[in-house]
Undergrad: 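Once you've had a glance at the structure underneath, I'll fire off some questions.
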Amino acid sequence: MRSGMPKPGEFLWGTATAAHQIEGNNVNSDFWVVEHATPTLFREPSGDACDSYHRYNEDAALAAGLGFNAHRFGIEWARIEPEPGRFSAAALDHYARVLESCRRHGLAPMVTLSHWTVPRWFAARGGFEQADSVDLFARFADKVGRRLGGLMTAATTFNEANIGRLARVLFNADGPRFRAASRAMFAAAAEASGSDRFASVLFPDLARSEENQIAAHVAAVQALKAADDLPVGLTLTMQAVEAAEPGADVEAFTDELYGAWLGAAEPCDFVGVQTYTRIRVGAAGRLPPPEGAERTGAGYEFYPQALGDTIRFAAERLRKPIYVTENGIATDDDARRVAYIDAALAELRRAQADGIDVRGYFHWSLLDNFEWTAGYSQKFGLVAVDRASFERTPKPSARHLGRIASSART
Ligand code: FCB
């Protein structure tokens, strides 16, 4: 194990995880409801996930042992505020123990307040479609800041705040087929919750929710800063957007992808860049990957070079220090993960050599985990997890990135 926390200003090398994807039995969250709804868009329910709610110490030891000096993870609002206005001291204590475990292992903790999940009661009252969602989210941020802020190295509000926009440009989430499927799932979730509505961050009605969600983000930044003046950031899903044909309107496409979220980074101390691939734009909109291009296990193009573009885009448009808070690949061939990491890090180093202020790299993900609608079918982990015993087995890529992380610091 490394001794001591990274020094201020030291580059952060870590892995990224999300509460719902690894903790298990997150029964009070909105995702638990939609995973069990009929019909559902989910391949399978999250169930025990990686049982990290109980194994967080083992996970921290694993990450530190591999050579990392930082760890990105999420806390679960549904556990901390199981009923509106009722905050669980025991859940807050639990996350204090997780943070202390990180620190004991020399891992600087970067904490996500909401990695897409919200309490089921919050979804069942209309989520961010309700104007008072702003105050509810800020109240949660305030409680978290007061109790846990002093243990964090940094916090971020929403994971990939613009995810609804990515879904719209990538999966035509506003199209009639997808809308019908998600509406049916939410109708079932509403019924199961004894409500006439159910609103999620992952499949949002942007016209009704985006403005409130941006205001909630700003209010949460203020609440966290007032409670404990720690660095606070915003993470965005940022894919390289390339013109692949004459007449491609990259500017319009970029506006569609980010909307007002670029401005929402203003009150933040840093931005989190989350990049997986590139999007090619033609004269009539998005184009598929080039013929014969290698695809990852998640279907998108194997294109680690995208990280160079997105870091530069973030530097130019957001003018804040940058952490790469997610970057990775779904694959059953771990050698391709090693190749992806090397190519992505070469881009990161080039950006730094050009004077861009990149302060950390968090690989998605530490563990093979619950990948939302894809269930357990996509393997993004540096470490394999046995689905019955929860035993963790590092893959060669884990040692590879761990070695890079530790040798960069010596
Ligand atoms: C990102 C999400 C993360 C994970 C990766 C593969 O969009 O933030 O939770 O699912 O994709």
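Note that the structure is a prediction, hence the values are computed from the model and not measured. Counting convention: from 1, in listed order, for ligands and their atoms alike.
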Undergrad: For F270, does the six-membered ring have the charged nitrogen or CZ of R359 within the cation-pi criterion, i.e. under 6.0 angstrom from the centroid and within 45° of the normal?
TA: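 No cation-pi geometry.
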Undergrad: What part of Q21 sits under 4.0 Å from ligand 1 if we count only heavy atoms: the side chain, the backbone, both or neither?
TA: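 For Q21, only side-chain atoms sit under 4.0 Å from ligand 1.
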Undergrad: Establish, from distance only, whether the side-chain atoms of N28 and E76 form a donor-acceptor pair under 3.5 Å.
TA: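 No, no side-chain donor-acceptor pair sits under 3.5 Å.
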Undergrad: Can you tell me which portion of N159 lies within the under-4.0 Å heavy-atom range of ligand 1? Options are side chain, backbone, both, or neither.
TA: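 The answer is the side chain.
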Undergrad: Take atom CD of E294 as the centre, draw a 6.0 Å sphere, and report whether it contains more than 12 heavy atoms from other residues, nucleotides or ligands.
TA: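 Atom CD in E294 is packed in, count exceeds 12.
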Undergrad: Test the R79-Y53 pair against the cation-pi criterion, namely NZ or CZ under 6.0 angstrom from the six-membered ring centroid and within 45° of the ring axis.
TA: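 Yes - R79 lies over the ring of Y53, closer than 6.0 Å to its centre and within 45° of its axis.
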Undergrad: Sequence neighbours excluded, which residues qualify as salt bridge (charged side-chain N to carboxylate O under 4.0 Å, His left out) partners of E256?
TA: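 E256 satisfies salt bridge (charged side-chain N to carboxylate O under 4.0 Å, His left out) with R168 only.
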Undergrad: Return the closest protein heavy atom for atom 2 (C) of ligand 1 as residue, atom name and distance.
TA: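 Looking at atom 2 (C) of ligand 1, the protein heavy atom closest to it is E326 OE1, 3.3 Å.
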Undergrad: Checking a contact table here: which protein heavy atom is nearest atom 10 (O) of ligand 1, and how many Å away?
TA: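 Going atom by atom, the protein heavy atom closest to atom 10 (O) of ligand 1 ends up being E371 OE1, 2.6 Å.
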Undergrad: Does H115 reach ligand 1, in the sense of a heavy atom lying below 4.0 Å from it?
TA: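 Within the 4.0 Å threshold, so yes.
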Undergrad: R392 vs S52, test: side-chain hydrogen bond (donor to acceptor under 3.5 Å, both in side chains). Steps then yes/no.
TA: CA-CA 11 Å; R392 277 89 163 122; S52 289; 3.1 Å; yes
Undergrad: Please state which protein non-hydrogen atom is closest to atom 5 (C) of ligand 1 and give its distance, to 0.1 Å?
TA: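 Nearest protein contact, heavy atoms only, for atom 5 (C) of ligand 1 is Y276 OH, 3.2 Å.
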Undergrad: List every atom of ligand 1 that sits less than 4.0 Å from any heavy atom of W364, numbering the atoms from 1 in the order shown and giving each element.
TA: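 Answer for ligand 1: 3 (C), 4 (C), 5 (C), 6 (C), 9 (O).
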Undergrad: Checking a contact table here: which protein heavy atom is nearest atom 7 (O) of ligand 1, and how many Å away?
TA: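 Atom 7 (O) of ligand 1 sits closest to the protein heavy atom E160 OE1, 2.6 Å.
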Undergrad: Output the list of atoms in ligand 1 that are nearer than 4.0 Å to some heavy atom of W116, sorted by atom number.
TA: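 That gives atoms 2 (C), 7 (O), 8 (O) of ligand 1.
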